[in-house]
Colleague: 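My questions will all concern the structure given below.
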Amino acid sequence: MNPLQLCKKLYANYKSQSWWPANSGFEVCVGAILTQNTAWNNVEKAVANLKKAKMLSCEKLADSKLEKIARLIKPSGYYNQKAKSLKLFCQYVQKNYKGSLQRLFSLPVLALRKELLSLHGIGNETADSIILYAAGKPMFVIDAYTKRLNERLPLNPKAETYARLQAFFQSALPKSPRLYNEFHALVVRHCKEACRKKPLCRKCFLKGECEFGKISLKAFY
DNA sequence: GGCCAGGACACCA
DNA sequence: TGGTGTCATGGC
């Protein structure tokens with residue numbers, strides 16, 4: 001099975017996912033940082049705290065004390081690190097782009113990626129999530145779910161690093177932000193729900209016993 | 001009480 | 001370039 005076939009199969013089963021779960025580009029950026037190695041459920045609590053405190057803005061986060069940000073985002077875990085990452089990102093946008101994400105996103109995509117990666121606390125996945133889901137530019141996101149799915153199927157066993165796996169998906173798919181967006185969201189949906197057994201249910205999917213709804217995972221694995 | 005979750009970074013060899 | 005320790009909460 002190639003990536004495009006997998007995407008079609010997932011889409012046929014789950015339909016459109018309408019991602020990213022956020023109300024603005026800035027909220028996508030905040031969520032992308034807060035979700036680092038963290039369950040989304042906990043990210044939602046942290047974002048809700050920021051909203052309630054009227055702190056979900058670039059200007060507010062750039063000017064607030066680390067301790068205050070950390071207290072609000074505590075439910076997302078790693079709150080000291082993430083408070084620092086959030087504040088640095090916002091200060092960077094305020095200083096270099098007058099607080100406008102649209103100015104930042106007007107950079108050519110590779111330049112944008114390079115700038116994001118230069119910021120402390122923003123690595124490959126976070127940068128690519130911001131580029132795809134906030135800026136709307138074609139950058140395929142590799143996360144734990146994508147890696148897991150690739151290992152299980154496998155799609156490309158040789159693609160072991162982030163860059164190689166990303167290059168594999170991007171070379172196999174039409175260069176479309178909408179497609180990258182939908183595909184990644186479908187992968188997350190599938191990996192979250194396909195198997196209710198944790199962790200990873202490697203034994204059960206190898207036996208073909210792992211099913212979710214109408215979907216027999218024998219077709220995938 | 002233990003394991004896990006939509007990573008990133010410092011440090012080391 | 002790759003391996004390891006660290007950061008930390010909340011759900012199950």
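When reading the values below, keep in mind they use all heavy atoms of this one structure, side chains included, and skip hydrogens, waters and symmetry mates. Lettering follows sequence order; numbering is per chain, from 1. If you're wondering where the values come from, they're calculated on a predicted model, not measured in any experiment.
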Colleague: Can you name the closest pair of heavy atoms from Gly25(A) and Leu101(A) and give their distance?
Modeller: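 Distance-wise, the nearest heavy atoms are C-CD1, 3.8 Å.
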Colleague: Looking only at side-chain N and O atoms, does Arg103(A) offer a donor or acceptor that is under 3.5 Å from a partner on Asn96(A)?
Modeller: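 Checked: Asn96(A)/Arg103(A) side chains show no N/O donor-acceptor pair below 3.5 Å.
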Colleague: Under the salt bridge (Lys or Arg N to Asp or Glu O under 4.0 Å) rule, collect the residues that match up with Lys175(A), sequence neighbours excluded.
Modeller: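 Partners of Lys175(A) by the salt bridge (Lys or Arg N to Asp or Glu O under 4.0 Å) criterion come out as none, since no residue qualifies.
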Colleague: Which pairs, protein N/O on one side and nucleotides 10-13 of chain B N/O on the other, fall under 3.5 Å?
Modeller:
none

Colleague: Which residues pass the ring pair (Phe, Tyr, Trp, His ring centres under 6.0 Å) test with Phe89(A), not counting sequence neighbours?
Modeller: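 Checked Phe89(A) against ring pair (Phe, Tyr, Trp, His ring centres under 6.0 Å); zero matches.
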Colleague: Parallel under 30°, tilted from 30 to 60°, perpendicular over 60°: which one fits the rings of Tyr133(A) and His184(A)?
Modeller: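 Geometry flag for His184(A) against Tyr133(A): tilted rings.
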Colleague: With rounding to the closest Å, how many angstrom separate the P atoms on dG10(C) and dA8(B)?
Modeller: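 It comes out at 22 Å once rounded to the nearest Å.
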Colleague: For the CD atom on Gln5(A), are there more than 12 heavy atoms of other groups (residues, nucleotides or ligands in this structure) within a distance under 6.0 Å?
Modeller: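 Enclosed: over 12 neighbouring heavy atoms sit under 6.0 Å from CD of Gln5(A).
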Colleague: Between dG5(C) and dC4(B), how far is it from one P atom to the other, in whole Å?
Modeller: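 16 Å, rounded to whole Å.
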Colleague: Please round to the nearest 0.5 Å and tell me the distance separating atom CD1 of Ile122(A) and atom OG of Ser85(A).
Modeller: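 Here the rounded value is 7.0 Å.
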Colleague: Listed in order of residue number, which residues of residues 125-135 of chain A have a non-hydrogen atom at under 4.0 Å from DNA chain B?
Modeller: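 Correct list: Glu125(A), Thr126(A).
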Colleague: What distance do Leu10(A) atom CG and Phe183(A) atom CZ have between them, rounded to the nearest 0.5 Å?
Modeller: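 Result: 6.5 Å between the selected atoms.
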Colleague: Please state how far atom CZ in Phe89(A) lies from atom P in dC9(B), giving the value in whole angstrom units.
Modeller: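 Nearest whole value for this atom pair: 14 Å.
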Colleague: Lys192(A) has an atom NZ; how far is it from atom C1' of dC4(B), in whole Å?
Modeller: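 Computing the Lys192(A):NZ to dC4(B):C1' distance gives 13 Å.
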Colleague: Could you tell me whether a side-chain N or O of Lys84(A) sits under 3.5 Å from a main-chain N or O of Leu66(A), the two making a donor and an acceptor?
Modeller: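 A pair under 3.5 Å: no.
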Colleague: Among residues at least two apart in sequence or on other chains, which ones pass side-chain contact (heavy atoms from CB on, under 4.5 Å) with Lys45(A)?
Modeller: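 Here the qualifying residues are Asn41(A), Asn42(A), Pro75(A).
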Colleague: Please classify the nucleic acid contact of Ile33(A) as base, sugar-phosphate, or nothing, using heavy-atom distances under 4.0 Å.
Modeller: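 Nothing: the residue Ile33(A), judged by heavy atoms under 4.0 Å, touches no strand.
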Colleague: Touch check for Leu119(A), heavy atoms < 4.0 angstrom, all strands: base, sugar-phosphate only, or nothing?
Modeller: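 Sugar-phosphate: the residue Leu119(A), judged by heavy atoms under 4.0 Å, touches backbone atoms but no base.
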Colleague: Starting at atom CD1 of Ile122(A), determine the distance to atom C1' of dG7(B), rounded to an integer number of angstrom.
Modeller: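 Rounded to the whole Å, the gap is 12 Å.
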Colleague: Just by protein heavy atoms under 4.0 Å, how would nucleotides 5-10 of chain C read 5' to 3' in B, S and -?
Modeller: --BBBS
